[in-house]
Amino acid sequence: MESLLWAIDLCAVVYLCLWALRTDKARAKAAELAEADKRRQAQDVQTRAAQTAALNKERGHA
């Protein structure tokens with residue numbers, strides 16, 4: 001009976017470890033995607049600013 005309890009305990013520990021690893025990977029992926037989105041938004045702002053400056057120059061607005 002004691003060995004059965006040890007086996008159940010070991011299975012629970014393995015399950016929790018695997019769950020924690022999967023959770024960490026998901027959080028890391030979410031953080032990576034958020035950072036990529038932030039960089040893309042910053043690049044979009046720079047592109048729009050450059051386009052606006054080019055249009056203003058083209059129209060003679062300084």
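Here the structure is a predicted model, which is why all the values come from computation and not from measurement. Excluded from the calculations below are hydrogen atoms, water molecules and symmetry mates; all remaining heavy atoms, backbone and side chain alike, are included.
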Item to check | Set of residues satisfying side chain to side chain contact (heavy atoms under 4.5 Å, CB included) with respect to Ser3, sequence neighbours excluded | outcome: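 So Ser3 forms no side chain to side chain contact (heavy atoms under 4.5 Å, CB included) with any residue.
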
Hey, can you pull the donor-acceptor pairs under 3.5 Å for the side chains in residues 4-28, sequence neighbours left out?
unit_1	atom_1	unit_2	atom_2	d
Trp6	NE1	Glu2	OE2	3.4
Thr23	OG1	Trp19	O	2.8

Pairs of donor and acceptor atoms involving the side chains of residues 34-49, under 3.5 Å and at least two apart or interchain, shall be tabulated with distances.
unit_1	atom_1	unit_2	atom_2	d
Asp37	OD1	Arg40	NH2	2.6
Asp37	OD2	Gln41	NE2	3.4
Thr47	OG1	Gln43	O	2.9

